[in-house]
J.: 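Next up is a structure, given as structure tokens.
Note that the numbering runs from 1 along the sequence shown for the chain.
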Amino acid sequence: MRGHLPDENPGFVGRRTELERVSAALADHRLVTVTGVGGVGKTRLALRAAHRAADGHPDGAWWTDLAQLDGERLLVPLVADSVDLADHTPGMAGTGLGRRLADDRLLLVLDSCEHLAEPCARLVTELLAAAPGLTVLATSRRPLGVPGERVVALDPLPPAGRDALELLRRAAGEDFPAAGPAGEICVRLEGIPLALELAAAQIRLQGAEAVRDQLGTRLDAPPAARFDLLAHPERVWPSRHQTLRAAIGWSHELSTPLERLLWARLSVFRGPFDLASATAVCAGGPLDRTTLPDALDGLVRSSVVRPPDAAGRLRMLDTIREYGATWLDRTGETATVAERHAAHFRDLARRAETAWHGARQLRWYRTVDAHHTDLRTALDRLLRTDPDAALDLVGSVAFAWSCRGRLHEARDGLERALLRSGTRGRARARALWALGVTLTLQGESGAAQEVSERCAREARYTEHVESPPHEGAPPGDRGRPGDLTLDAAALAGLLALTTGRPMAAYVVVDHVLDAARGGPADSAALLRCRLVRVFALTGLGRLAEARERALRLRARCEELDEHWTRTALEYQLALTGLLEGDPAAASGHARAMLEGTRSLGASLGVALGLDVLATALAAAGDGERAADVSGTGEAYWRSTGQPRRGLLGLRALHEKYADTVRATIGEPAYEEIFVRALTGLPQDGLDRALGGPRQD
């Protein structure tokens, strides 16, 4: 199936009538919004309806979780990312996203819109106008208010019906009779799914009769004042619906003091978290490293925290997190815990950057990706409270974000941090370098040139201030470039390469490499400079020298188990093979490059690799596979929003050999294969492309 939807919750129960209503509404309306109070099951119903409707949308059903956003600034990039549009164009707005979706027939699910109702309404209005084949399914605690919107109001499960009882049975793992404590629990909790799950967790611990009796005491009494803390008008807790508030408050009271403290502190996380992050952020006072794991286990047992996934990550539902955040505010710890959260993720970003050069690169790259939401949350806080720390954080992760295709977020964070921070030195030079790379990847050569020059000046200033030539140093050691100068040169070289100036690229990196200390791969900056020199040699037509240097550098990367540079070198070796008339070698290196870019999740790299592979297959006379790979490559290029790139020589070769195989297998056959690959699943096309032998 084309698209991406989360796996369905196996605990989905009932909702047959509501599911039919949503399905029918999706068939007749382009915007359907499922509304209801927190905890009523909007997300589950929307997910089930999306899975059911996916086959009716040729371009798939795609899920966007908006709960991770605390403002509208990154709304469009998040939606673009969720539909696999790794858009590398600068300044993408809703209209730009609409243009990208204009010819698609897909279902876009926007989950948890309530805190962004107005910006969501504006975006949906733009997208529906720009993309006639688009259907939007939203969940929100209130309607979006867009003309043509069909609202499906979701009520709790019938309290005395079999569905509420079945949900309680499944969640508790016990088979209860309808007449008895379990049935009374369903009635007392008014059939609200989240409330029933919380009760089920207590049933596992105390038994159904004890839970019924406690709920009776709790719900029959006037609401405690602390439950009213969550009675925000309209948006979160309608005053007519106090049962869920009471049920969550009851679960809170049943938690131990340490569990309640941890619940409050965990509310600072907006995305999934692991035990290490929870400990770093939440430990303090009586909640220390020895008591915290047991408290966390208790919250998992009581369904306050969702059980860990395969990677050991846990999370809280938004409704539960909101409750904890209110209690955190009551304790007066909101600022303190938020500061610890920001400090932890700043430290994580620093460790990830340090580990970039070596065997742990891929693991840390994936760690940064997994914690993306909380890294962004930490950055937003530091931009308000400590811009210098914000510059340090974003400078540490922006290159990884750009590699992952998150260019808009990298650029936004870097530009804001550079504007607000007045610090000079290493953090500023590094951030300027990362911004220059991001702008270059976006095709903003003019802005990138200005940033490149600033980066070089900041690198010279920093290395002069931080590491001035000391008296008595050997003459050859004085004035040697450090990593900041090397990266500034690599940026200037990259920009020269992308603007068709290989000689300028060669001169700028060769100059600093001649003066640099250390071996060819002693630092990530050295590797990047040597990589630029290899590409510059290729562009200059010095192919034998380029290949020989690339093979030596690749061998060193393999010793280090370094992935990013090695993947780029495979691309260069594929280009060299093509230019030297060896399509078999080019194909092998292109596939190795594609394996690397797939593991890095780099859509732009995949698009580049598919182009060189398609050219190699065409040069070898394999017209059908060349057409298939070329069509898949076109799909990936469209997902980046960029025109095709690559060395000018490659473009000429691609056009030459494509024309040859079109003539060989016939234009109609070529077009049929090309279009089939273009409109099929890109991942399937990539799998087919990787089906050939790899070149060692």
J.: I would like to know whether R301 and D297 meet salt bridge (charged side-chain N to carboxylate O under 4.0 Å, His left out); could you show each step before the answer?
T.: CA-CA 6 Å; R301 287 194 301 271; D297 286 343; 5.0 Å; no
J.: Is the closest side-chain heavy-atom distance between E149 and P143 below 4.5 Å?
T.: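 The answer is yes; the side chains approach within 4.5 Å.
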J.: Just verifying a value: how many Å separate R260 CZ and S251 OG, rounded to the nearest 0.5 Å?
T.: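 Going from the CZ atom of R260 to the OG atom of S251 covers 11.5 Å.
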J.: Is it true that R122 and E72 have a side-chain N and a carboxylate O under 4.0 angstrom from each other?
T.: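 Salt bridge flag = yes for E72 with R122.
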J.: Would the distance check show the side chain of K42 and the main-chain N or O of T35 forming a donor-acceptor pair, the cut-off being under 3.5 Å?
T.: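 No; judged by distance alone, with no hydrogens or angles, the pair does not exist.
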J.: Quick one: which of L393, D70, L69 gives a side-chain contact (heavy atoms from CB on, under 4.5 Å) with R376?
T.: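 Considering L393, D70, L69, a side-chain contact (heavy atoms from CB on, under 4.5 Å) with R376 is found only for L69.
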J.: Is there a side chain to side chain contact (heavy atoms under 4.5 Å, CB included) between V211 and W250 once you walk through the steps?
T.: CA-CA 10 Å; V211 169; W250 169 68; 3.6 Å; yes
J.: Report the distance from atom CG of L154 to atom CD of E18, rounding to the nearest 0.5 Å.
T.: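 That separation rounds to 6.0 Å.
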J.: Any donor-acceptor pair under 3.5 Å linking the side chain of E114 with the backbone of R141?
T.: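 Yes, because the side chain of E114 sits within donor-acceptor range (under 3.5 Å) of the backbone of R141.
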J.: I'd like to check L106 versus T135 (side-chain heavy atoms, cut-off strictly below 4.5 Å). Are they in contact?
T.: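 Heavy-atom side-chain distance check fails, nothing below 4.5 Å.
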J.: Do R44 and D111 meet the salt-bridge criterion of a basic N to acidic O distance under 4.0 Å?
T.: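 R44 and D111: not salt-bridged.
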J.: Do P308 and R313 have side-chain heavy atoms sitting under 4.5 Å apart?
T.: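 No. Closest side-chain heavy atoms not under 4.5 Å.
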J.: Answer yes or no: is there a donor N or O on one side and an acceptor on the other, between the side chain of Q68 and the main chain of D65, under 3.5 Å?
T.: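 Yes, Q68 side chain to D65 backbone: donor-acceptor pair under 3.5 Å.
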J.: Take the angle between the ring planes of H252 and W327 and call it parallel below 30°, perpendicular above 60°, tilted in between.
T.: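 Judged by the thresholds at 30° and 60°, the geometry between H252 and W327 is parallel.
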J.: Could you check whether any side-chain N or O of E259 sits under 3.5 Å from a backbone N or O of T256, counting only pairs where one atom can act as donor and the other as acceptor?
T.: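 A pair under 3.5 Å: yes.
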J.: Measure the spacing between CG of L244 and OG1 of T319 and express it to the nearest 0.5 Å.
T.: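 So the CG of L244 and the OG1 of T319 are separated by 6.5 Å.
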J.: Would you indicate whether the side-chain heavy atoms of T377 and R381 approach each other to under 4.5 Å?
T.: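 Not in contact.
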J.: Is it true that D392 and R430 have a side-chain N and a carboxylate O under 4.0 angstrom from each other?
T.: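 Judged by the 4.0 Å cut-off on N to carboxylate O distance, D392 and R430 do form a salt bridge.
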J.: Please check: side-chain N/O of R169 versus main-chain N/O of F176, any donor-acceptor pairing under 3.5 Å?
T.: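 Flag set: sc R169 to bb F176 pair under 3.5 Å.
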J.: Within a strict 4.5 Å, meaning less than it, do heavy atoms of the F269 and R315 side chains meet?
T.: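 They are not in side-chain contact.
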J.: Hey, is CD on E118 packed in by over 12 heavy atoms from elsewhere, all under 6.0 Å?
T.: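 It does not: E118 CD has 12 such atoms or fewer within range.
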J.: To the nearest 0.5 angstrom, please state how far the CG atom of L348 sits from the NE2 atom of H371.
T.: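 That separation rounds to 6.0 Å.
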J.: Could you tell me whether the side chain of T139 and the main chain of S112 form a donor-acceptor pair under 3.5 Å?
T.: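 Checking the backbone N and O of S112 against the side chain of T139, a donor-acceptor pair under 3.5 Å is found.
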J.: Go through L47 and W63 one step at a time and tell me if the side chain to side chain contact (heavy atoms under 4.5 Å, CB included) criterion holds.
T.: CA-CA 8 Å; L47 182 56; W63 188 270; 3.9 Å; yes
J.: Find the distance between CG (L328) and OG1 (T334) and round it off to the nearest 0.5 Å.
T.: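 Between L328 CG and T334 OG1, I get 4.0 Å after rounding to 0.5 Å.
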J.: Any side-chain to backbone donor/acceptor pair from H115 onto L66? Under 3.5 Å, distance only.
T.: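 Such a contact is found between H115 side chain and L66 backbone.
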J.: Could you tell me whether the side chain of R204 and the main chain of A171 form a donor-acceptor pair under 3.5 Å?
T.: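 The answer is yes, because a donor-acceptor pair under 3.5 Å joins these two groups.
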J.: State whether the side chain of Y323 and the backbone N or O of I248 hold a donor-acceptor pair below 3.5 Å, judged by distance alone.
T.: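 It does not hold such a pair.
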J.: Say you draw a straight line from CD of E409 to OG1 of T438; how long is it, rounded to the nearest 0.5 Å?
T.: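 The CD atom of E409 sits 11.5 Å away from the OG1 atom of T438.
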J.: With a 4.0 Å cut-off, would you call E353 and R350 a salt bridge?
T.: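 No, no charged N to carboxylate O under 4.0 Å.
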J.: Using a 3.5 Å distance criterion without hydrogens, assess whether the side chain of D374 forms a donor-acceptor pair with backbone atoms of R270.
T.: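 Side chain of D374 to backbone of R270, a donor-acceptor pair under 3.5 Å: yes, one is there.
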J.: Taking C-beta and beyond as the side chain, do L127 and V136 meet within less than 4.5 Å on heavy atoms?
T.: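 Side chain of L127 against side chain of V136, heavy atoms only: no contact under 4.5 Å found.
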J.: Go through the steps for W62 and V79 under the test side chain to side chain contact (heavy atoms under 4.5 Å, CB included), then give the verdict.
T.: CA-CA 9 Å; W62 305 83; V79 174; over 6 Å; no
J.: Looking at Q206, I want to see if its CD is surrounded by more than 12 non-hydrogen atoms of other residues, nucleotides or ligands under 6.0 Å.
T.: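 Correct, the count exceeds 12.
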J.: Just to verify, which of L292, T291, L261 counts as forming a side-chain contact (heavy atoms from CB on, under 4.5 Å) with P286?
T.: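 So the option named by the test is L261.
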J.: Start with the C-alpha gap between S302 and L254, add the side-chain angles, then the distance that decides, and say whether side chain to side chain contact (heavy atoms under 4.5 Å, CB included) holds.
T.: CA-CA 9 Å; S302 60; L254 291 175; over 6 Å; no
J.: Which pair of non-hydrogen atoms, one from A400 and one from W356, has the smallest distance, and what is that distance?
T.: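 Scanning both residues completely, I find the closest heavy atoms to be CB-CZ3, 4.4 Å.
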J.: Before you tell me yes or no, could you show the steps for R170 and E197 under salt bridge (charged side-chain N to carboxylate O under 4.0 Å, His left out), namely the whole-Å CA-CA distance, both residues' side-chain angles and the distance that decides it to 0.1 Å?
T.: CA-CA 9 Å; R170 291 193 188 183; E197 287 187 346; over 6 Å; no
J.: Side-chain contact, heavy-atom cut-off 4.5 Å: Q214 with Q202?
T.: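 Q214 vs Q202: side chains apart.
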J.: May I ask you to check if R404 and W401 form a cation-pi contact, with NZ or CZ under 6.0 angstrom from the six-membered ring centre and within 45° of the axis?
T.: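 No - R404 does not lie over the ring of W401 by the 6.0 Å and 45° rule.
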J.: Do W263 and L296 come within less than 4.5 Å of each other through their side chains, counting heavy atoms only?
T.: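 Not in contact.
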J.: With sequence neighbours left out, what residues match D380 under salt bridge (charged side-chain N to carboxylate O under 4.0 Å, His left out)?
T.: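 D380 satisfies salt bridge (charged side-chain N to carboxylate O under 4.0 Å, His left out) with R73, R416 only.
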J.: Is the closest side-chain donor-acceptor distance between T326 and D329 under 3.5 Å?
T.: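 Result is no, nothing qualifies.
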J.: With sequence neighbours left out, what residues match D163 under salt bridge (charged side-chain N to carboxylate O under 4.0 Å, His left out)?
T.: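 For D163, the residues satisfying salt bridge (charged side-chain N to carboxylate O under 4.0 Å, His left out) (neighbours in sequence not counted) are R16.
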